[in-house]
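Every heavy atom of this structure was used, including side-chain atoms; hydrogens, water molecules and symmetry mates were not. In this chain, numbering begins with 1 at the start of the sequence shown. As the structure lists them, so they are numbered: ligands from 1, and atoms in each ligand from 1.
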Amino acid sequence: MRVLVTGGAGFIGSHLCERLLREGHEVLCLDNFFTGSKDNIRHLLDNRHFELLRHDVTQPILLEIDRIFNLACPASPIHYQYNPVKTIKTNVLGAIHMLGLAKRVKARILQASTSEVYGDPLTHPQSEDYWGNVNPIGLRSCYDEGKRVAETLMMDYHRQNGVDIRIIRIFNTYGPRMALNDGRVVSNFIVQALRGEDITVYGDGSQTRSFCYVDDLIDGMLRFMECGSGTGPLNLGNPAETSILEFATRIIDLTGSTSKIVYKPLPSDDPRQRQPDITRAKSLLGWEPRTGLEIGLKKTIEYFSDVLAKEG
Ligand code: NAD
Ligand code: UDP
């Protein structure tokens with residue numbers, strides 16, 4: 001099949017392109033390189049089944065394709081808050097353009113949504129039928145509300161035009177090729193630990209997250225895309241929950257670092273707790289994450305060690 005991956009030069013997108021090529025597909029990787037990098041896909045450039053398009057999803061495009069994975073959007077709070085108007089345009093116009101394309105060429109489209117649609121959740125763990133607790137005017141809303149509108153557009157194109165859709169809600173995912181400077185907790189803590197710098201815990205560190213290794217996520221995405229039924233939304237994530245303070249200690253142990261933990265103010269609207277209920281993904285796809293935190297973190301630490309060593 002000819003598969004379009006928007007945001008294909010980013011962290012998750014580059015792993016997805018790699019897997020799709022391995023499975024024998026033609027891959028069109030579309031990216032504007034805002035947070036993605038050619039380094040993430042350099043090893044794919046010589047593959048004759050791989051094509052790179054520099055394009056911004058806020059502009060329309062016409063391509064002949066069978067599948068669309070719509071991932072284009074900065075994912076880390078620092079990056080999506082850098083130009084919030086652009087973030088919301090990327091989510092909303094990007095979804096409109098990709099859905100228009102899907103409708104025209106009769107492609108199936110999967111939208112990368114997020115656990116952020118649950119906001120600061122009032123139920124725990126979060127299942128797909130929870131409607132969320134999102135601040136519509138806060139600093140995170142360009143991303144959260146942008147993704148919520150993208151989900152709405154997906155459902156409306158499906159109901160109104162019969163577009164074949166899949167919506168996934170991705171919970172915190174980590175692994176090699178996360179950007180060094182993207183401010184997310186996994187990259188921050190590992191890089192700080194490897195450099196022997198202070199580990200910056202925001203707030204008192206009692207807030208929780210549940211971290212999924214990227215290979216497990218890709219597995220779930222591919223299974224859902226090719227699943228015969230179901231539009232979603234579908235949670236994809238690892239239910240193993242940890243507090244951010246425990247997570248900092250874990251990174252210090254795994255890196256053998258001498259770094260100390262320091263406390264910094266909690267950013268506004270930072271969700272208190274987050275854990276996916278993956279009952280639906282288990283029953284629909286027979287999917288659940290297989291990579292434990294320790295193994296996933298070791299691979300990620302190895303990646304960042306190499307990157308830092310190359311930087312000198
Ligand atoms: P990332 O920032 O590494 O990748 C996003 C990619 O999209 C980058 O390559 C970037 O250059 C590209 N991009 C941004 N704006 C664009 C535009 N207007 N036109 C074309 N390309 C554009 O982030 P990621 O972690 O790989 O996230 C990928 C997707 O998964 C995003 O949609 C994100 O919202 C979603 N997601 C990720 C996580 C996570 O934990 N990583 C969690 C929930 C949802
Ligand atoms: N966080 C932290 N120190 C950091 C970066 C993040 O304590 O250096 C916290 C952040 O406040 C949040 C959690 O770690 O509670 C996860 O943050 P991230 O930006 O990775 O993802 P998100 O908040 O979008 O889940």
With a 3.5 Å cut-off and no angle check, do the side chains of [X] and [Y] form a donor-acceptor pair?
| X | Y | value |
| --- | --- | --- |
| Ser187 | Asp182 | yes |
| Asp120 | Asn133 | no |
| Asn172 | Arg274 | yes |

Validation row, ring centre Tyr263 to ring centre Tyr202 under 6.0 Å: no

Residue of the set Arg272, Glu246, Gln273 for which side chain to side chain contact (heavy atoms under 4.5 Å, CB included) holds with Ser206: Arg272

Sidechain-backbone polar pair: Asp66 side chain, Met1 backbone, donor-acceptor under 3.5 Å: no

Salt bridge Arg54-Asp56, side-chain N to carboxylate O under 4.0 Å: no

Check: Leu293 and Phe211 side chains under 4.5 Å, non-hydrogen atoms: yes

Quick check on ligand 2: any N or O pairs to the protein under 3.5 Å? One line per pair.
unit_1, atom_1, unit_2, atom_2, d
ligand 2, 3 (N), Thr200, O, 2.6
ligand 2, 7 (O), Tyr202, N, 2.8
ligand 2, 8 (O), Asn188, ND2, 2.8
ligand 2, 8 (O), Thr200, O, 3.2
ligand 2, 8 (O), Thr200, OG1, 3.0
ligand 2, 8 (O), Tyr202, OH, 3.4
ligand 2, 11 (O), Asp270, OD2, 2.7
ligand 2, 15 (O), Gln207, NE2, 3.0
ligand 2, 15 (O), Arg209, NH2, 3.3
ligand 2, 15 (O), Asp270, OD1, 2.6
ligand 2, 15 (O), Asp270, OD2, 3.4
ligand 2, 20 (O), Val185, N, 2.8
ligand 2, 21 (O), Asn172, ND2, 3.4
ligand 2, 23 (O), Arg140, NH2, 3.0
ligand 2, 23 (O), Arg209, NH2, 3.2
ligand 2, 24 (O), Arg140, NH2, 3.0
ligand 2, 25 (O), Asn172, ND2, 2.9
ligand 2, 25 (O), Arg209, NE, 2.8
ligand 2, 25 (O), Arg274, NH1, 2.6

Considering only N or O atoms, set out every pair between ligand 1 and the protein closer than 3.5 Å, with distances to one decimal place.
unit_1, atom_1, unit_2, atom_2, d
ligand 1, 2 (O), Thr35, OG1, 2.6
ligand 1, 3 (O), Phe11, N, 2.9
ligand 1, 7 (O), Cys73, N, 3.3
ligand 1, 9 (O), Gly10, N, 3.0
ligand 1, 9 (O), Asp31, OD1, 3.2
ligand 1, 9 (O), Asp31, OD2, 2.6
ligand 1, 9 (O), Gly36, N, 3.2
ligand 1, 11 (O), Asp31, OD1, 2.6
ligand 1, 11 (O), Asn32, OD1, 3.4
ligand 1, 11 (O), Phe34, N, 2.9
ligand 1, 11 (O), Thr35, N, 3.0
ligand 1, 11 (O), Gly36, N, 2.9
ligand 1, 13 (N), Asn32, OD1, 3.3
ligand 1, 18 (N), Asp56, OD1, 2.9
ligand 1, 18 (N), Thr90, OG1, 3.2
ligand 1, 19 (N), Val57, N, 3.0
ligand 1, 21 (N), Asn32, N, 3.3
ligand 1, 21 (N), Asn32, OD1, 3.3
ligand 1, 25 (O), Arg184, NH1, 3.2
ligand 1, 25 (O), Arg184, NH2, 3.2
ligand 1, 26 (O), Phe11, N, 3.4
ligand 1, 26 (O), Ile12, N, 2.8
ligand 1, 32 (O), Leu71, O, 2.8
ligand 1, 32 (O), Lys147, NZ, 2.8
ligand 1, 34 (O), Tyr143, OH, 2.6
ligand 1, 34 (O), Lys147, NZ, 2.9
ligand 1, 40 (O), Thr173, N, 2.8
ligand 1, 41 (N), Arg184, NH1, 2.8

Parallel, tilted or perpendicular: rings of Phe171 and Tyr118 (30°, 60°): tilted

